[in-house]
Undergrad: 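Please see the structure below; I have some questions.
Please read these numbers as outputs of a predicted model, since none were measured by experiment.
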Amino acid sequence: MIEIKNVYKSFKKLHVLNGVTTTVKEGERIVIIGPSGCGKSTLLRCMNLLEEPTYGEVWLDGKTVTPIDPYLYPELIKLSKTFAKLTKSGMSEEEALDKICEERLLKHGEGSAFAKMKKQLYQDNYLNINLARRNMGMVFQNVNLFNNMTVMQNLTCAPVSLGIKTKEEANEIALRLLDRIGLLDKKDEYPSKLSGGQRQRIAIIRSLCMEPKYMLFDEPTSALDPEMVGEVLALMKDLASEGMTMVIVTHEMGFAREVATRVMFLDKGKIAEEGTPDEVFSHPKNERLKEFLSKVL
């Protein structure tokens, strides 16, 4: 399970994510839609820490891959010097907690009890991101295959280099996956000899060679010619039918309606509406979502 807890992401004065909270359960296929610039890709990249949240936490299978965000822990805030100062001034505990969180008042040097508890929370719950990424494959808009390596070398490089598989095991998995997508005859080719659709399917099974529990797709068909989109979506549909947990950013609304178990509409860095494909596409409630769908459907 992937848990996103009150995630904010800013790039200097540009606020991209503004308090996103959601959970991705095993077996779910979540499709994220929304206008350009709404934070879709940034949210996806925060999930595997290609972008580190400004505030908030990301948890994978009960462990956090981000630093502890003290604003998520009322019991921790209550140990801070700032909390003590506000309550002594006459504020109630609830008022002090609200003010500290709303105005982000915690600073360095909040006291030894605060520091000790924060450190303990981190030690008890932290998961190294490099270990987390072994269970979280990601496919980007651009293929990012190594052009100086053959298809087989691209597929086996990571699992062998990381010591996850022996060379023989990695070769066996790679050949099986190539056969599955009908590209076994391309195993000794270099990426430059392949079509765009073939390269993207190779990129997808490169992630599958790590045997991840979760797959993240960041607009995997946006850089493809229209006739190549179908072959990539067909592979993704196969993965969905097998129960792979997937989070997909896409502009392919027909694909989203067919594959998703839940559709999430982002607007201005927040989840404006989410629900089943039928709820989101056929019975939208949010006015901004209705406007968006009127332009893309």
Side-chain angles (χ1 to χ4, degrees), residues 26-27 29-31 41 44-45 47-48 50 130 133-260:
E26 288 189 33
R29 300 179 298 279
I30 296 180
V31 173
S41 294
L44 205 68
R45 292 170 70 86
M47 289 185 186
N48 65 0
L50 290 177
N130 292 321
R133 285 176 180 150
R134 294 184 183 185
N135 282 318
M136 202 182 305
M138 185 158 183
V139 179
F140 300 89
Q141 297 178 34
N142 297 316
V143 177
N144 293 328
L145 294 176
F146 297 112
N147 289 321
N148 62 332
M149 293 184 178
T150 65
V151 166
M152 277 295 287
Q153 289 170 334
N154 267 283
L155 297 179
T156 60
C157 177
V160 173
S161 298
L162 294 173
I164 298 172
K165 301 291 182 184
T166 65
K167 186 175 182 179
E168 292 73 22
E169 290 170 335
N171 284 338
E172 181 182 347
I173 293 170
L175 291 171
R176 172 169 51 82
L177 290 171
L178 282 170
D179 187 46
R180 170 180 174 172
I181 63 172
L183 293 178
L184 187 58
D185 61 325
K186 305 293 185 182
K187 64 184 179 70
D188 296 319
E189 296 281 6
Y190 287 89
S192 60
K193 299 293 184 180
L194 306 177
S195 69
Q198 289 172 336
R199 288 196 297 271
Q200 191 61 290
R201 282 185 290 159
I202 295 295
I204 292 173
I205 67 168
R206 178 175 63 177
S207 290
L208 293 178
C209 282
M210 296 288 289
E211 298 184 328
K213 290 175 63 177
Y214 310 99
M215 286 289 290
L216 311 179
F217 295 88
D218 186 9
E219 299 188 44
T221 60
S222 65
L224 299 178
D225 292 334
E227 66 268 22
M228 297 176 182
V229 170
E231 57 194 44
V232 174
L233 294 183
L235 174 56
M236 294 172 66
K237 288 177 186 177
D238 284 346
L239 294 177
S241 68
E242 294 173 359
M244 171 66 75
T245 306
M246 305 162 73
V247 184
I248 307 162
V249 171
T250 186
H251 292 293
E252 301 287 341
M253 297 299 134
F255 171 77
R257 186 190 289 267
E258 181 179 351
V259 168

Undergrad: Atom CD of Gln153 and atom OG1 of Thr150: how far apart are they, to the nearest 0.5 Å?
TA: 3.5 Å

Undergrad: Which atoms form the tightest heavy-atom contact between Val249 and Pro220, and what is the distance?
TA: O-CD, 3.8 Å

Undergrad: With heavy-atom distances below 4.5 Å as the criterion, would you say the side chains of Arg134 and Pro212 are in contact?
TA: no

Undergrad: Could you tell me whether a side-chain N or O of Asn48 sits under 3.5 Å from a main-chain N or O of Arg133, the two making a donor and an acceptor?
TA: no

Undergrad: I need the Cys209 SG to Met152 CE distance, nearest 0.5 Å.
TA: 8.0 Å

Undergrad: Show me, pair by pair, the donor-acceptor contacts under 3.5 angstrom made by side chains of residues 181-195, not counting sequence neighbours?
TA:
from   : atom 1 : to     : atom 2 : distance (Å)
Ser195 : OG     : Gln198 : N      : 3.2
Ser195 : OG     : Gln198 : OE1    : 3.4

Undergrad: To the nearest 0.5 Å, what is the distance between CD on Gln200 and CZ on Arg206?
TA: 9.5 Å

Undergrad: Knowing that exactly one of Leu239, Leu216, Ile30 qualifies, which makes a side-chain contact (heavy atoms from CB on, under 4.5 Å) with Met246?
TA: Leu239

Undergrad: Would you indicate whether the side-chain heavy atoms of Lys213 and Thr245 approach each other to under 4.5 Å?
TA: no

Undergrad: Mind listing the closest non-hydrogen atom pair of Thr166 and Val160 along with its distance?
TA: O-CG2, 4.0 Å

Undergrad: Evaluate the side-chain proximity of Glu26 to Tyr214: yes if any heavy-atom separation is below 4.5 Å, no if none is.
TA: yes

Undergrad: Apply side-chain contact (heavy atoms from CB on, under 4.5 Å) to residues Leu178 and Ile202 and explain how you reach the verdict.
TA: CA-CA 8 Å; Leu178 282 170; Ile202 295 295; 3.4 Å; yes

Undergrad: Would you mind telling me which of Ile248, Val247, Leu50 makes a side-chain contact (heavy atoms from CB on, under 4.5 Å) with Leu44?
TA: Val247

Undergrad: Salt bridge between Glu252 and Lys237, side-chain N to carboxylate O under 4.0 Å?
TA: no

Undergrad: Is Glu172 paired with Lys165 through a side-chain N to carboxylate O contact shorter than 4.0 Å?
TA: no

Undergrad: Do any N or O atoms from the side chain of Ser241 and from the backbone of Asp238 form a donor-acceptor pair under 3.5 angstrom?
TA: yes

Undergrad: Answer yes or no: is there a side-chain heavy-atom contact under 4.5 Å between Glu211 and Ile164?
TA: no

Undergrad: To the nearest 0.5 Å, tell me how far Glu219 CD sits from Gln141 CD.
TA: 4.5 Å

Undergrad: Testing the basics here: between Ala203 and Val139, what is the closest heavy-atom pair and its distance to 0.1 Å?
TA: O-CG2, 4.2 Å

Undergrad: Please test Met210 against Leu162 for side-chain contact (heavy atoms from CB on, under 4.5 Å), starting from the C-alpha separation and ending with a verdict.
TA: CA-CA 10 Å; Met210 296 288 289; Leu162 294 173; 3.7 Å; yes

Undergrad: Heavy-atom distance under 4.5 Å between the side chains of Phe255 and Met236, does that happen here?
TA: yes

Undergrad: Shortest non-hydrogen contact from Ala260 to Val31?
TA: CB-CG2, 3.6 Å

Undergrad: For the residue pair Asn171 and Lys167, establish whether any side-chain heavy-atom pair is separated by less than 4.5 Å.
TA: yes

Undergrad: Distance check, rounded to the nearest 0.5 Å: Ser207 atom OG versus Phe140 atom CZ?
TA: 8.0 Å

Undergrad: Rounded to the nearest 0.5 Å, what separation is found between the CD atom of Glu168 and the CD1 atom of Ile173?
TA: 12.0 Å

Undergrad: Determine, step by step, whether Glu242 and Arg180 satisfy the salt bridge (Lys or Arg N to Asp or Glu O under 4.0 Å) criterion, reporting the C-alpha distance in whole Å, the side-chain angles of both residues, the deciding distance to 0.1 Å, and the verdict.
TA: CA-CA 13 Å; Glu242 294 173 359; Arg180 170 180 174 172; 2.9 Å; yes

Undergrad: Please report the closest heavy-atom contact between Leu177 and Leu208, naming both atoms and the distance.
TA: CD1-CB, 3.9 Å

Undergrad: Does Phe146 offer a backbone N or O that forms a donor-acceptor pair with the side chain of Asn154 under 3.5 Å?
TA: yes

